[in-house]
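Every number for a ligand or one of its atoms is a count from 1 in the order of the listing.
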Amino acid sequence: MELPFAESFKIKMVESIRRSTREEREVWIKEAKYNLFNLKSDQVFIDLLTDSGTGAMSDKQWAAMMLGDESYAGARSYYNMKEAIKKIMGFEYFLPTHQGRAAENVLFSVLVKEGDVVPGNSHFDTTKGHIEFRKAHAVDCTIDEAFNTSLLHPFKGNIDLNKLEKVLKETPREKISMIVVTLTCNSSGGQPVSMQNMREVSAMAKKFGVLVCYDSARFAENAYFIKMREKGYENKSIKEIVLEMYQYADMATMSSKKDAIVNMGGFIGMKDENLFKQASVYNIMFEGFITYGGMSGRDMNALAQGLDESTEFDYLETRIKQIEYLGKRMTDFGIPVQLPYGGHAIFIDAKKCLSHIPKEQYVAQTLAVELYLEAGIRGVEIGTILADRDPDTRQDRYPELEFVRLAIPRRVYTNNHMDVIACAMKNVMDRKDAIKAGFKIINEAPILRHFTVELARCSTS
Ligand code: F0G
């Protein structure tokens, strides 16, 4: 008999979580103004808000924490991190930052100017935020296949080379800050970019004389998909694949809270010394001295160890098979989700689930609130609220896809939790006709509104 798959770890420490009642949740979500970010974590049973900074560190990472060197300048931990980044990604230069968006802030302070254009594959919201804050424009060049959730395509994160070429041809060279390639592409469903696409983007960038930056938050998960899906890579190790990926980039921003499996941290990787020197000025201003940049020594040590672990096949197989397990359970229940299943999350196609709710009433947010009410599961809206207003017209932007993202923290939940999630979603779908209306915004911030937005229920009459 073939043995079933089992996790490549055992558990040494546990944290209690509590199931609440529907009555309790009704009160809490109303108090939270129907914004799941406003809930206390104790009001949540299974927390799938994000996979960012929510992972469980390994015994080796905790051991590395104890060896952290807290010297202000030139700490051993800094050199450990430097060595790990050089070994795994091949970057000669790097700057530590306190998280991914800080890396964007520092790097974009050097490279993004007012009126610039930044093509890429569905830029993440903080990336787009840092671009638009500088009065520049993010242009989405993701392949059209990504927008058909039921279509099976192995690399839905790919950049459409025709779309990219059009932008590069129509924009004066000095107005292109860089091309941003997001690995995996979070906004389109945790979908990977193929090695071939990376190679082709790099060739086109060279032809037009522009820089390529990898938004690297989930680079290791991307490498796993290359190994499993792209011809010629099946016998390569994840570490070999990662090294090749970074041959096609000039620089990278990293949120270490994802694929470096730490609770806080980030960095910028660079190949050019001059860029490193320019970015260092902003790093010192915004983050801290260049050998710690917002991170403590112990955190830099854990990060170095985490980078090594996340680029091991066994870890990635356990991780991605859990996402797949949840995806399959959802599919078996007939719940429409982005296919193929992504690397860090299952993305539920909310428009298909609640086709009777008008888009002006925030369909994905409505579904996310219902899932919370059903079982205390906290997902996140990746839809109109996140897409924010157009910076020029100030009108709501309606993205092609409205998702509820269920992001799975690394090494945290078991497949029993996955079963609860799938069954809760099934229950929501069974009573969907009783969900008569969505929400309206009563308060919002001028930028990155989804974190603090306040909502009220629309009337059903
Ligand atoms: N890039 C991508 C692709 C991301 O997913 C994130 C964060 C960032 C950059 C910014 O990194 O949070 O460390 O400042 N994503 C989290 C999420 C918040 O829930 O997907 P950060």
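From the protein, the heavy atom lying nearest to atom 13 (O) of ligand 1 is S255 OG, 2.6 Å. In terms of protein heavy-atom proximity, atom 16 (C) of ligand 1 is closest to K258 NZ, 3.2 Å. Nearest protein heavy-atom contact of atom 8 (C) of ligand 1 is F124 CD2, 3.5 Å. The protein atom (non-hydrogen) at minimum distance from atom 10 (C) of ligand 1 is T126 OG1, 3.5 Å. The protein atom (non-hydrogen) at minimum distance from atom 20 (O) of ligand 1 is R405 NH1, 2.7 Å.
Here's the thing with T184: none of its N/O atoms is less than 3.5 angstrom from an N/O atom of ligand 1. The shortest N/O to N/O separation between R218 and ligand 1 falls below 3.5 Å. The N/O atoms of A102, backbone and side chain alike, include none that comes under 3.5 Å of an N/O atom in ligand 1. The N/O atoms of Q99, backbone and side chain alike, include one that comes under 3.5 Å of an N/O atom in ligand 1.
Each of R410, R411, R319, K239 was checked for a salt bridge (charged side-chain N to carboxylate O under 4.0 Å, His left out) with E309, and the lone residue meeting it is R411.
For ligand 1, the atoms closer than 4.0 angstrom to any heavy atom of T182 are 3 (C). Near K257, meaning under 4.0 Å from any of its heavy atoms, are these atoms of ligand 1: 13 (O). Near T50, the atoms of ligand 1 lying under 4.0 angstrom from a non-hydrogen atom of the residue are 16 (C), 17 (C), 19 (O).
Contact check for H137 versus D392: side-chain heavy atoms found under the 4.5 Å cut-off. The side-chain heavy atoms of Y248 and M195, taken from C-beta on, include a pair separated by under 4.5 Å.
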*asked:* ring-ring contact (aromatic ring centres under 6.0 Å, His included) for Y362 and F439? Distances and angles first, verdict last.
replied: CA-CA 6 Å; Y362 309 112; F439 292 93; 8.6 Å; no

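With Y233 as the aromatic partner, K227 does not meet the cation-pi criteria of under 6.0 angstrom to the ring centre and within 45 degrees of the ring axis.
Between E132 and R397 there is a salt bridge, since at least one side-chain N of the basic residue sits less than 4.0 Å from a carboxylate O of the acidic one. Note on K87 versus E83: no salt bridge recorded, every NZ/NE/NH1/NH2 to OD/OE distance being 4.0 Å or above.
Taking the six-membered ring where the residue is Trp, H344 and F347 present perpendicular rings, their angle passing 60° and hence far from 30°.
Under the 4.0 angstrom criterion for non-hydrogen atoms, H344 is not in contact with ligand 1.
For F94, the ring-ring contact (aromatic ring centres under 6.0 Å, His included) partners are Y78, not counting sequence neighbours. Shown here are the side-chain hydrogen bond (donor to acceptor under 3.5 Å, both in side chains) partners of T318, two or more places apart in sequence or in another chain: S8.
The heavy atom nearest to atom 9 (C) of ligand 1, considering only R101, H130, E104, M254, is found in E104. With N186, D51, D215 as candidates, the residue nearest to atom 1 (N) of ligand 1 on a non-hydrogen basis is D215.
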